[in-house]
There are 2 protein chains.
Amino acid sequence: MSITPKQKVYQGVLQEIRLFIEKNGLTSGDKLPSERELADTLQKGRSSVREALRAMELLGLIETRQGEGTFLSTYRQFHTVELLASFILRENHTRQDLILAKKILEKEAAKLASSGIACADIDELSAIIREKAGSPEQRHTAFFHLLFYRIDNLLLAKVWQLMEEFSGAVGSLYYEEAFYRELLKLYTSGEYLGIEELYEKQGHYKCKK
Amino acid sequence: MSITPKQKVYQGVLQEIRLFIEKNGLTSGDKLPSERELADTLQKGRSSVREALRAMELLGLIETRQGEGTFLSTYRQFHTVELLASFILRENHTRQDLILAKKILEKEAAKLASSGIACADIDELSAIIREKAGSPEQRHTAFFHLLFYRIDNLLLAKVWQLMEEFSGAVGSLYYEEAFYRELLKLYTSGEYLGIEELYEKQGHYKCKK
DNA sequence: TGTCCATGGTGGTCAGACCACCCTTTAATT
DNA sequence: AATTAAAGGGTGGTCTGACCACCATGGACA
């Protein structure tokens with residue numbers, strides 16, 4: 001048991017569990033030793049083992065099923081980041097903070113996506129902004145959802161998604177229709193360098209509360 | 001106590017703590033009620049309260065100090081970040097996501113800060129990059145910490161800080177010394193438009209693991 | 001005024017009790 | 001023999017209580 005002097009027992013237990021998982025090549029769905037077994041093996045109290053397990057459970061790393069045992073979860077990438085971000089976003093930020101932060105992410109995603117944008121993507125984006133069945137907010141969400149997942153940076157996508165969800169509480173944040181069309185024009189013509197300028201001129205949320 | 005049938009006690013406790021924090025407008029450094037008090041107030045066992053607190057602690061949301069109490073964290077302790085990172089940063093792809101996301105935030109902060117940068121700020125930034133007592137990583141953190149708090153967007157600052165903390169676990173990410181100096185030159189000469197170009201040319205982390 | 005000690009509070013850890021649930025084995029019934 | 005029901009042993013879930021180490025405060029004493 002690798003316990004450093006300042007370390008709490010549950011942290012040492014966490015480390016041992018992590019080592020156990022690695023050593024035994026455990027993967028999603030595999031079963032961990034029982035709480036009592038871990039407590040015995042590690043010579044620690046069962047409560048301390050449970051504290052470690054609860055921490056892991058909140059992180060989404062494990063699932064505990066009463067009567068059955070403790071199992072490794074399907075790994076959800078960035079679940080922890082989501083958790084942390086959700087705490088951060090719940091703090092009392094100003095509306096301006098959220099607006100600016102979200103716009104930055106959207107602008108950078110628009111630029112990053114441009115290098116890998118395909119005709120099919122442009123068609124799909126075009127279909128999104130032309131869709132009249134939903135609201136402008138929904139179109140905005142769908143539009144940037146596609147862009148974020150096109151750039152294949154899950155971290156950015158998740159942070160943006162959380163901001164998008166929280167922005168619903170401070171008023172719907174979307175751009176003028178002309179903005180999306182202009183952005184598509186830049187994509188179509190390959191003038192990706194104009195995106196920063198587009199954001200300077202038209203990158204303002206049509207704020208409706 | 002809002003406990004749904006399928007929900008474990010520690011999860012309900014977590015929610016109540018979260019609500020308490022929001023309701024009372026608690027912020028970093030503020031003290032939470034004692035374990036015994038929470039157990040009493042929520043009519044749950046102290047162990048269950050501890051399970052919730054351990055989960056929060058692993059996320060770096062709180063710090064518990066023996067003899068003193070439980071406090072909302074200002075920064076995640078290094079050891080906590082290490083533990084967390086060992087669970088969440090498992091793949092190169094994840095690391096790449098983090099690196100890119102962090103750079104985006106830093107670039108945008110550098111640009112946003114430029115409009116309100118004062119001589120005293122430039123002096124302070126200059127002092128930071130000239131400081132030889134610490135490591136390049138520490139200088140990088142201090143440098144951008146100042147920038148993020150200059151733009152007075154707490155949300156961005158906190159999101160970046162989270163990324164900065166985790167990036168320590170994937171290898172130290174900082175720029176060549178010339179980058180910081182060049183950025184300061186741009187600030188000094190007021191050529192803020194050159195920042196995007198600077199990032200194109202020199203905005204690459206000097207990755208050392 | 002400064003130092004020391006006692007008190008009351010804090011978190012830290014563990015043992016134990018008992019409950020609900022699950023799966024396997026054994027026994028009873030058809 | 002096949003099916004169903006009950007028992008047994010294990011799992012996690014929750015709580016209580018005991019005791020420890022540490023901290024801050026207040027009172028007593030020099």
Out of [options], whichever nucleotide has its closest atom nearest the side chain of [X]:
X: B/Gln66; options: D/dC22, D/dT14, D/dT16; result: D/dC22
X: B/Glu68; options: C/dT13, D/dT11, D/dA24; result: D/dA24
X: A/Glu37; options: D/dG13, D/dT11, D/dT14; result: D/dT11

Measure from [atom1] on [X] to [atom2] on [N] and round the result to the nearest Å.
X: A/Tyr10; N: C/dG11; atom1: OH; atom2: C1'; result: 13 Å
X: B/Leu38; N: C/dT10; atom1: CG; atom2: C1'; result: 13 Å
X: A/Arg36; N: C/dC22; atom1: CZ; atom2: P; result: 16 Å
X: A/Glu57; N: D/dT14; atom1: CD; atom2: C1'; result: 14 Å
X: A/Leu53; N: D/dG13; atom1: CG; atom2: P; result: 9 Å
X: A/Glu51; N: D/dT14; atom1: CD; atom2: P; result: 14 Å
X: A/Leu42; N: C/dA15; atom1: CG; atom2: P; result: 13 Å
X: B/Ile17; N: C/dG11; atom1: CD1; atom2: C1'; result: 14 Å

- Message: With salt bridge (charged side-chain N to carboxylate O under 4.0 Å, His left out) as the criterion, how do A/Arg46 and A/Glu37 come out once you've worked through the C-alpha distance, each side chain's angles and the decisive distance to 0.1 Å?
- Response: CA-CA 9 Å; A/Arg46 190 176 148 216; A/Glu37 212 174 310; over 6 Å; no

Check whether any side-chain nitrogen or oxygen of [X] sits under 4.0 Å from OP1 or OP2 of [N], and answer yes or no.
X: A/Thr70; N: D/dG12; result: yes
X: B/Ser34; N: C/dT10; result: yes
X: B/Arg50; N: C/dG12; result: yes
X: A/Ser48; N: C/dC14; result: yes
X: B/Arg46; N: D/dT16; result: no
X: A/Thr64; N: D/dT11; result: no

- B/Lys107 with A/Glu108: basic N within carboxylate O range, under 4.0 Å: yes

- Query: When all nucleic acid strands are considered with a 4.0 Å heavy-atom cut-off, which category describes A/Gly45: base, sugar-phosphate, or nothing?
  - Reply: sugar-phosphate

- Query: Base, sugar-phosphate, or nothing: which does B/Arg65 touch, judged by heavy atoms less than 4.0 Å apart?
  - Reply: sugar-phosphate

- Item | Of A/Val49 and A/Gly67, the one whose closest DNA chain C nucleotide lies more 5' | A/Val49

- Kindly confirm or rule out a cation-pi arrangement of B/Arg65 over B/Phe71, judged by NZ or CZ under 6.0 Å from the six-membered ring centre and within 45° of its axis? yes

- Query: Just wondering, are more than 12 heavy atoms of other shown residues or ligands nearer than 6.0 Å to NZ in B/Lys185?
  - Reply: no

For residues 142-153 of chain A, please give each side-chain donor-acceptor pair under 3.5 Å, one per line with the distance, not counting sequence neighbours.
unit_1, atom_1, unit_2, atom_2, d
A/Tyr149, OH, A/Gln161, OE1, 3.0
A/Arg150, NE, A/Asp121, OD1, 3.2
A/Arg150, NE, A/Asp121, OD2, 3.0
A/Arg150, NH2, A/Asp121, OD1, 2.7
A/Asp152, OD2, B/His93, NE2, 3.3
A/Asn153, OD1, A/Leu155, N, 3.2
A/Asn153, OD1, A/Leu156, N, 3.0
A/Asn153, ND2, B/Asp97, O, 3.2

